[in-house]
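A short worksheet on the structure shown next.
Residues take their numbers from the sequence shown, with the count starting at 1.
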Amino acid sequence: MSPIEPEGVRGQSTARRRRRVRLRTLLIWLAVIPTAAMGTQVAVTAERLLSRSEHLRADVAAAERIGVPLYTLMVDMQAERTMTAAVWAGTAGAEDGLRIRREASDQGVAEFRRLAAGTAASFEDVNRRLDGLAAYRQRADARTGGADGTLAYYTGLIDAVIQAYQREFSHADDAGIVQENRPVVSMLAATEMVAREDTILSLAGPSRQLNPAGFDQFVSAVGAHRHLYETWIVPYLPERDRRFYERIVASPDWQTKLRIENAIISGHTDVDSGVRLPAEVAGWRSAHANFSVQMASLNIDRARTVLTLGETKAAELETEVAWLIGGSGGGLLLVVAVVVLTTRSLLRRLHDLHERTVTVAEETLPDVVARLQHGRPVDDGVLPAVRGEGDEVGRISDAFARAVAVSVDGHRRLAAERHGFGLFATGIASRTGNLVSRQLSLTEDLQDTFGHDEALLAQLMRSDQLTVGMRRQIENLLILAGGEVPDPHTEPMRIADLLREAAAEVEDFRRIERQALDETSVEPHAISQISHLLAELLDNATRFSPPRSKVVIRAERVTDGLSVEIEDRGPRVTPERYEEMNGRLHQAPPYSVLAQNAHRLGLFVVGHLADQLRATVTLRRSVYGGTSAVVILPAELLVATGAETPRESAPAGRAAPEPAAPEPAAPEPAAPEPSAALPAPRPTVERGPAPVEHTAAGLPSRPVKQPAPSSAPGARPAPAAGPARPALPERVPQTHIAEQLRAPRAPEAAPRPDAETPEEVADAWADYERGTQTVEAELRRDRP
């Protein structure tokens, strides 16, 4: 865990990367936000109430301005319709009455259009129907088109007037006003039904005869207006209007109306032309003239009551808004006062707690954490203790003390776990390294003993290659555990040799192609680390690319040092995936991340080695669609290759074979002990590249070096006569591995047979030998 950063000197403000809101500001916000919300709600409520008040006043004003002319227009149209029916029926004196009613209707139409100009669209239907009034009057005067069509026009016009009234004056927001206005609209509809009865009876005329359609309309009108009065008018009338209505229905004129309606429905006579009405219809006109006036008075009184109620409601809404604003303002002032007093009291109590916690956070806790990270003991007496205080501030202080104790315990356990993991990983690596070292020694002995068997030799070479890979994985474990891989080299190594050494550690080394190798050498102390880093990248490239594709590695000098690029033909990788992998390379992850990616630790190892070498490793998409890994080694790790510098042999333990060439007879060295030093380099003889010869079985063979007779005790005798075998590279065991991995060898079980055929291994070995001889020839040509 990272050390705790101190907050700063007490009493002084500190610059922080991220500005934090002060507690005083939070408390103010705690008051401001509800206050603003309350103010907003008050404003919205007040605006809504004022809008309702304005709407009510607008409805009242519109009703007073155009409601009365609209009602007058309806009454005039009903009267003109009745007189038109009477004229059509041939009633005596009906023409004079029709002329008078038309003059009154014209005045009502003119007044309505003057007041309705520029108002809502609710009156458009009424104006449109009024445009055809003159045409229907002409049809009535000429007796064309039939009486039913003319009377239907008047009926449609009156229905449009009633609907306009309902749309314009029945949408108040107040439920009480809607309730009071509902009987008004129903009374207009009921009055229209009675007026239709009057028109139908006028159409019967002196003959008292109606066609079947007219009789049906009469019966429908009687039923409709009775239903309206009983269901939608009387139940909703206030007490005063209900008594007035009861006086109307109890009057002789209303009773005459009921008697005539009942007589027509039950006492009519069917004739050839339709229906003959009873003689009682003669008293309809006088009775209708009396009760219709009373009903009109009730309608007007009910409408004025609704308008008065609207004015009262609008005034009440305005008063409610005034009280709302005043009460809310007083409440907001009280909230502000309470917040100011509470904030000052709380901040004073928290000041002392802040002083104590800052001391612990900036002085005590960092010192405790530092001691734990360095493995030193910690005195628990320096940590804050839980006092068990009962108030809120005391509980916060106790909670902070518990948090400090938990944090210290966590650091203590983490330090112990890190130390234990290091010991555990080191022990595992040490025991496994012993087995690998013994395996390598056993493989060398077998190669020396059975090298004349070409098939067995190929399998032994394969086993040697796999064992070298096992050793690299053990070194990976040591690197991730925090250790370092020591380097046994004492002389600089050419880049060409270093790349060949790194490639030799890869299981599928035959697919690696080296290009454009620069004539530069590497410092001895960094050879093993660089070789290990490149081997991990090459191993990844060979594993995640098609089996038959090549992996190219090239090196060249750049401004910042040496650039080594490894390019494969693997699958495409998304930019997000490249970003994630480069993050592993540039920053050492915690153990939790390593545990989650235990199956792909190569990038973490490369990241650790790059950090130790101060090198940079970047993965990116190559131009061929695969992945390109670019390693930039710093210039301080490089040295110029001298013209006379003798070529060093490959370091011990690597699987790269040495070139085979005839050499002077020399005694063959015995197998060294684990602590033996590297053998002295053998003198080289100037020669050109020797051709690679093959045996009758198709396997490569190289010239055999003839060992001189050895008189040393314990020297290994030469093998029995048999086919010539290639000279094998010599390895000094345990000179290249970490200090912790060195241990005495012990016998081990035989390696498992490899699945590849001897011919495949031989072909790969011949390709590698041919490349080695070519490089040696180039080196000899460069020497003076």
When you measure from the side chain of [X] to the backbone of [Y], do you find a donor-acceptor pair of N or O atoms at a distance under 3.5 Å?
X      : Y      : answer
Arg621 : Val573 : yes
Arg285 : Ala282 : no
Glu280 : Ile264 : no
Asp301 : Ser297 : no
Thr199 : Ala195 : yes
Arg208 : Leu277 : yes
Ser251 : Ile248 : yes
Thr91  : Val87  : no

Any side-chain heavy atom of [X] sitting closer than 4.5 Å to one from [Y]?
X      : Y      : result
Tyr153 : Leu133 : yes
Phe112 : Val126 : yes
Pro238 : Arg302 : yes
Glu261 : Glu197 : yes
Glu111 : Gln107 : no
Leu70  : Phe123 : yes
Thr72  : Val75  : no
Asn211 : Val275 : no

Nearest heavy atoms of [X] and [Y], plus distance in Å:
X      : Y      : value
Ile260 : Val281 : CG2-CA, 4.1 Å
Gly274 : Pro212 : CA-CD, 4.0 Å
Met83  : Ala94  : CE-O, 3.6 Å
Thr231 : Tyr236 : O-CE1, 3.7 Å
Gly625 : Arg572 : O-CG, 3.7 Å
Val194 : Trp284 : O-CZ2, 4.3 Å

**Prompt:** Can Val184 and Asn299 be said to form a side-chain contact (heavy atoms from CB on, under 4.5 Å), step by step?
**Reply:** CA-CA 6 Å; Val184 176; Asn299 292 347; over 6 Å; no

Can you measure from [atom1] ([X]) to [atom2] ([Y]) and round to the nearest 0.5 angstrom?
X      : Y      : atom1 : atom2 : answer
Arg113 : Leu73  : CZ    : CG    : 9.5 Å
Thr191 : Arg196 : OG1   : CZ    : 12.0 Å
Asn582 : Arg577 : CG    : CZ    : 10.5 Å
Phe215 : Gln209 : CZ    : CD    : 13.5 Å
Leu210 : Gln217 : CG    : CD    : 9.5 Å
Thr82  : Leu203 : OG1   : CG    : 10.5 Å

**Request:** Evaluate the side-chain contact (heavy atoms from CB on, under 4.5 Å) criterion for residues Leu98 and Glu80: first the C-alpha distance (whole Å), next the side-chain angles of each, then the deciding distance (0.1 Å), finally the verdict.
**Result:** CA-CA 6 Å; Leu98 178 59; Glu80 183 177 344; 4.1 Å; yes

So that I can tick it off, tell me whether [Y] and [X] are bridged by a salt bridge, with the cut-off set at under 4.0 angstrom between side-chain N and carboxylate O.
X      : Y      : value
Asp106 : Arg137 : yes
Arg129 : Asp159 : no
Arg243 : Glu239 : yes
Asp198 : Lys257 : no
Asp125 : Arg128 : yes

**Prompt:** Looking at Tyr71 versus Tyr165, is the centre-to-centre ring distance below 6.0 Å?
**Reply:**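 When the ring centroids of Tyr71 and Tyr165 are compared, they turn out to be at least 6.0 Å apart.
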
**Prompt:** Which class fits the ring pair His288 and Phe291: parallel under 30°, tilted 30 to 60°, perpendicular over 60°?
**Reply:**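 Perpendicular: the ring planes of His288 and Phe291 meet at over 60°.
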
**Message:** Parallel, tilted or perpendicular, judged at 30° and 60°: which one describes the rings of Tyr229 and His225?
**Reply:**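 Aromatic pair Tyr229/His225 classed perpendicular.
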
**Message:** Go through it in stages, so that I can follow the logic: the residues are Arg48 and Thr45, the test is side-chain contact (heavy atoms from CB on, under 4.5 Å), and I'd like the CA-CA distance, side-chain angles, deciding distance and then a yes or no.
**Reply:** CA-CA 5 Å; Arg48 183 171 55 86; Thr45 304; 4.0 Å; yes

**Asked** Under 3.5 Å, is there a donor-acceptor pair linking the side chains of Thr155 and Arg81?
**Response**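 Side chains of Thr155 and Arg81: pair found under 3.5 Å.
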
**Request:** Please say whether more than 12 non-hydrogen atoms of neighbouring residues, nucleotides or ligands are located less than 6.0 Å from CD in Glu95.
**Result:**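 Yes, CD of Glu95 has more than 12 neighbouring heavy atoms, counting only those of other groups under 6.0 Å.
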
**Request:** Report the C-alpha separation of Trp254 and Gln294 in whole Å, then their side-chain angles, then the decisive distance to 0.1 Å, and conclude whether the side-chain contact (heavy atoms from CB on, under 4.5 Å) test is met.
**Result:** CA-CA 10 Å; Trp254 189 267; Gln294 296 176 346; over 6 Å; no

